[in-house]
Amino acid sequence: MSDLDFFQKVYEYCRHIPYGRVTTYGAVARAIGSPSGARMVGWALNKSSSIEPSVPAHRVLNRIGMLSGKKAFGDPNLMAELLRQEGHRVEGDRLLDFEESFWSA
DNA sequence: CACTTGACGTCGT
DNA sequence: GACGACGCCAAGT
């Protein structure tokens, strides 16, 4: 498991997230073996804008379903738009059907 | 080289 | 049940 970097694991996990489904930073961190690395997951996804292939970072939210990193998408409304585009209901910076659309490996 | 910040989470009050 | 403080790990300044 040490072959892949922490960031690489995050990218791979995010790519496994099905369409119209979302997850949390803590869940990802825990899934890749770093239960306390939730913050690092966010850091990795921030950098994801500079890597290929593009990672569906908009499907990763915090534990309460809030679009914590919407500002990192270039346009603050982009993340909410993408989620709405997938059929989600977004209220301001919060996903209403978050628990309903929650996905876990 | 040391301090601060950051896409979070959990415990305590 | 809501608000605040602490803890984690890494990068930037």
Side-chain angles (χ1 to χ4, degrees):
Chain A
M1 301 298 191
S2 311
D3 298 282
L4 297 175
D5 291 315
F6 183 87
F7 284 41
Q8 194 63 45
K9 291 183 183 177
V10 176
Y11 303 146
E12 187 176 309
Y13 189 88
C14 291
R15 271 190 262 122
H16 288 200
I17 301 173
Y19 181 90
R21 218 51 82 92
V22 292
T23 189
T24 71
Y25 302 99
V28 175
R30 196 184 163 93
I32 65 180
S34 295
S36 301
R39 292 181 105 150
M40 303 303 90
V41 174
W43 199 269
L45 290 176
N46 183 335
K47 194 182 162 197
S48 74
S49 300
S50 303
I51 63 116
E52 285 294 325
S54 303
V55 179
H58 61 272
R59 292 181 188 159
V60 185
L61 314 171
N62 62 8
R63 75 167 185 91
I64 61 175
M66 190 165 89
L67 287 61
S68 311
K70 65 167 190 176
K71 297 187 174 193
F73 284 78
D75 290 328
N77 298 318
L78 181 59
M79 189 173 186
E81 277 293 294
L82 289 169
L83 289 169
R84 280 187 186 179
Q85 193 173 297
E86 298 195 355
H88 295 296
R89 201 159 50 135
V90 182
E91 171 79 35
D93 298 350
R94 206 153 113 206
L95 196 72
L96 300 182
D97 59 343
F98 165 66
E99 293 185 17
E100 205 173 78
S101 304
F102 185 86
W103 175 82
S104 153

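Quick note: numbers below take in every heavy atom, side chains included, and nothing from hydrogens, waters or symmetry partners. Model, not experiment: these values are computed from the prediction. Throughout, protein chains are lettered first and strands after them, A, B, ... in sequence-line order, and every chain is numbered starting at 1.
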Once rounded to the nearest 0.5 Å, what's the spacing between atom CE of A:M40 and atom OH of A:Y25?
12.5 Å
Heavy atoms under 4.0 Å, any strand shown: does A:F73 hit a base, just sugar-phosphate, or nothing?
base
Take atom CG of A:N46 and atom P of B:dG6, then tell me their distance rounded to the nearest Å.
11 Å
For A:R84 and A:V90, work out which heavy atoms get closest and say how close.
NH2-O, 3.3 Å
Side-chain N or O of A:S68 versus OP1/OP2 of B:dC8: is the shortest distance under 4.0 Å?
yes
Heavy atoms only, 4.0 Å cut-off, all strands: where does A:N62 land among base, sugar-phosphate and nothing?
sugar-phosphate
Please state how far atom NZ in A:K70 lies from atom P in B:dC8, giving the value in whole angstrom units.
13 Å
Value in whole Å for how far the P atom of B:dA7 lies from CZ of A:F7
13 Å
Side chains of A:E12 and A:H16, heavy atoms from C-beta outward: is any pair under 4.5 Å?
yes
If I compare all heavy atoms of A:F98 with all of A:V22, which pair ends up nearest, and what's the gap?
CD1-CG2, 3.8 Å
What donor-acceptor contacts under 3.5 angstrom involve side-chain atoms of residues 47-63 of chain A, with partners at least two apart or in another chain?
from  : atom 1 : to    : atom 2 : distance (Å)
A:S48 : OG     : A:L45 : O      : 2.3
A:H58 : NE2    : A:E86 : OE2    : 3.1
A:R59 : NE     : A:E86 : OE1    : 3.3
A:R59 : NE     : A:E86 : OE2    : 3.0
A:R59 : NH1    : A:I17 : O      : 2.8
A:R59 : NH2    : A:E86 : OE2    : 3.0
A:N62 : OD1    : A:I64 : N      : 3.3
A:N62 : OD1    : A:G65 : N      : 3.1
A:N62 : OD1    : A:M66 : N      : 2.7
A:N62 : ND2    : A:S68 : OG     : 2.9

Side-chain-base donor-acceptor pair under 3.5 Å for A:R39 and B:dG6:
yes
Please find the pair of heavy atoms, one from A:G37 and one from A:A29, that lie closest to each other, and give the distance.
C-CB, 3.7 Å
Output for pair (A:R21 CZ, A:T23 OG1), nearest 0.5 Å, gives 11.0 Å
Whole angstrom value for the distance that separates C1' of B:dG6 from CZ of A:F6:
14 Å
Which pair of heavy atoms, one from A:A31 and one from A:Y13, lies closest together, and at what distance?
CB-CE1, 3.5 Å
Hey, does A:A57 reach any base, or is it just sugar-phosphate, or nothing, if we go heavy atoms under 4.0 Å?
base
Sugar-phosphate, base or nothing in reach of A:G26, heavy atoms under 4.0 Å:
sugar-phosphate
Nearest-angstrom distance from the residue atom CG of A:L67 to P of B:dC8
11 Å
Nearest-Å distance, CZ (A:R94) to C1' (B:dC8)?
16 Å
On DNA chain C, nearest-nucleotide positions of A:W43 versus A:S36: which is more 5'?
A:S36
Does atom CZ (A:R15) have a neighbourhood of more than 12 heavy atoms from anything else shown, all under 6.0 Å?
yes
Determine the interatomic distance between C1' on C:dC3 and the same-named atom on B:dA7; round to the nearest Å.
22 Å
So where does chain A start and stop touching DNA chain C, 5' to 3', when the test is distance under 4.0 Å to a non-hydrogen atom?
C:dG7 to C:dA11
Whole-Å gap separating P (B:dA7) and NZ (A:K71)
9 Å
A:A72 has its side chain closest, among B:dA7, B:dG6, B:dG9, to B:dA7
Under 3.5 Å for both pairing distances: what stems, at least three Watson-Crick or G-U pairs long, include DNA chain C?
B:2-6 with C:9-13, B:8-13 with C:2-7
Consider only side-chain heavy atoms of I, L, V, M, F, W and Y, link residues closer than 4.5 Å, and tell whether A:F102 and A:V28 are in one cluster.
no
Rounded interatomic separation in angstrom, taking OH from A:Y11 and P from B:dA7
15 Å
